[in-house]
> 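Okay, handing you the structure first.
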Amino acid sequence: MQQDRLWNEWHPVCKAEELLEDPKQVFVLGERVVIFRNDKGVHAFKDLCIHRGAALSLGKVKNGNLVCAYHAWEYNCAGACEKIPALPSGRAIPKKARATVYHCEEYLGLIWVNLGDDPAPLISFPEYSMEGYRTAICGPYEVKANAPRIIENFLDVSHLMFVHEGLLGDEDHAEVVDYKVEFADNRLITSKIPVYQPNPDGRSQGGYANYVYEILNPTTARFTKTTEGSDEELTILLAVNQEDHEQAKAFMLLTRNYDLDKPDEPFIEFQDTIFYQDLDIVQSQKPELLPLDLQAELHLKSDALTIAYRKWLNELGVENGTNPIQDEGGKKVTVK
Ligand code: FES
Ligand code: CO
């Protein structure tokens, strides 16, 4: 059940600009995947040639088809093999000569892969295409941790004053006011949470910022940060790809409606700093799999959002962020 849910979610695998004429190998939920681009768009297959098991990502794209590097079988973007050079002319290509096709989309400046038969809808992130907003892509950040631990760190308010002391928080303003979490429009959303921030986005303009957090799916969350008396809005979307049971890759979309004529780099560098401040903590957390049994760790009222996240994962049957892999029979199994 759990593996099916994540199996049917969209996972960000690389920046769209990184997928050029050569196919590329990526990993999703322990699955080796090849992505490639042709005139029709972007495509994802299991990274395995049915002939002798070579990685299709070692091949190339020719006339829109993915050509295996080993014996040059040519697969069209629907996965059907169209050409087998070793086959004498007149002989039919075996029907079984196919690649396993996955869903693949170019969206929000990223390439997303979905392994499932019943794909969930792509997340909605309207700010990306809204006039007056500008988005910078941060990452990918490599993290040796499970996606739910990474998402939970992003949702955690009461660490800001310590891990990000002097930037996103101040030790003398560590109290977290009570806030609400509700489920609306298929996502969890909080009321505004005020946090005193000495340097909220790298511009050293301190003050109280109001955070509104949203959890869009088990591996995607966002917050929008505003300041009283200002129209400025900063939204950060975090999308995590669980590559295998040890490794995840995190992408962040940083969208702002101010300093539109300024370069993105200082904002990205600031976000890099913040992310690396969290990294050791997240990678140190035990157990590696987020405990969904609420008795397992100790909670405070200020943890209301992360408690809601754990409950929601539980309801969705994302048991504890374990990762499915496929056994030889193609049946999904969970590796602990
Ligand atoms: Fe791919 Fe032979 S292994 S063509
Ligand atoms: Co942090």
Side-chain angles (χ1 to χ4, degrees), residues 23 25 32-34 36 45-62 65-76 79-88 91 93-94 96-101 138-139 141 143 145 147-171 173-174 176 193 195-202 209 211 213 215 221-223 225 234 236-238 240 248 250-252 254 267-285 290 302-303 305-306 309:
Q25 182 179 69
R32 195 171 76 171
V33 176
V34 53
F36 67 99
F45 296 165
K46 189 183 183 79
D47 192 10
L48 186 88
C49 180
I50 193 160
H51 178 220
R52 285 293 176 266
L56 289 170
S57 54
L58 296 173
K60 59 180 183 210
V61 179
K62 195 178 105 191
N65 288 349
L66 182 57
V67 186
C68 180
Y70 202 177
H71 314 95
W73 289 24
E74 282 187 28
Y75 298 90
N76 67 22
C81 184
E82 284 188 342
K83 188 171 172 195
I84 298 182
L87 211 57
R91 295 228 197 124
I93 292 172
K96 275 193 164 171
R98 294 192 64 87
T100 303
V101 181
C138 307
Y141 304 104
V143 191
R149 283 285 192 196
I150 301 166
I151 293 288
E152 200 180 82
N153 164 260
F154 179 79
L155 302 171
D156 184 290
V157 185
S158 60
H159 84 290
L160 297 174
M161 306 77 182
F162 305 98
V163 177
H164 311 299
E165 222 279 316
L167 300 174
L168 303 185
D170 181 277
E171 285 185 9
H173 295 78
V176 177
I193 310 173
V195 180
Y196 178 76
Q197 308 204 302
N199 185 1
D201 63 358
Y211 277 75
Y213 290 89
I215 310 176
R222 56 174 281 171
F223 65 69
K225 197 151 90 167
L234 175 73
I236 299 186
L237 178 104
L238 168 67
V240 183
F251 294 85
M252 283 190 182
L254 205 132
F267 292 95
I268 295 174
E269 279 164 25
F270 182 79
Q271 200 51 41
D272 289 350
T273 302
I274 299 295
F275 197 89
Y276 290 117
Q277 287 180 334
D278 284 312
L279 190 64
D280 283 350
I281 305 260
V282 173
Q283 293 187 152
S284 79
Q285 284 179 288
L290 192 68
S302 51
D303 299 318
L305 178 57
T306 52
Y309 176 52

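Just follow the structure's listing: the first ligand is 1, and inside any ligand the first atom is 1.
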> Does the H173 side chain pair with the main chain of D170, one donor and one acceptor, at a distance under 3.5 Å?
no
> The Co ion (ligand 2): which protein N, O or S atoms are under 2.8 Å away?
H159 NE2, H164 NE2, D278 OD1, D278 OD2
> Do L254 and L234 make a side-chain contact, defined as non-hydrogen atoms from C-beta onward lying under 4.5 Å apart?
yes
> Fit a plane to each ring of F154 and F223, take the angle between them on a 0 to 90° scale, and name the class: parallel (under 30°), tilted (30 to 60°) or perpendicular (over 60°).
parallel
> Does any N or O in the side chain of K225 come within less than 3.5 Å of the main-chain N or O of D201, such that one atom is a donor and the other an acceptor?
no
> Without hydrogens or angle criteria, can the side chains of Q197 and Y211 be said to hold a donor-acceptor pair below 3.5 Å?
yes
> Any sub-3.5 Å donor-acceptor pair from E171's side-chain atoms to E165's backbone N or O?
no
> With distance as the sole test, does D156 use its side chain to make a donor-acceptor pair with the main-chain N or O of S158 at under 3.5 Å?
yes
> Short of 2.8 Å from atom 2 (Fe) of ligand 1, name each protein N/O/S atom, waters not counted.
H51 ND1, H71 ND1
> Under 30°, 30 to 60°, or over 60°: which ring-plane class applies to H51 and W73, parallel, tilted or perpendicular?
parallel
> Find the distance between CG (N153) and NE2 (H159) and round it off to the nearest 0.5 Å.
4.5 Å
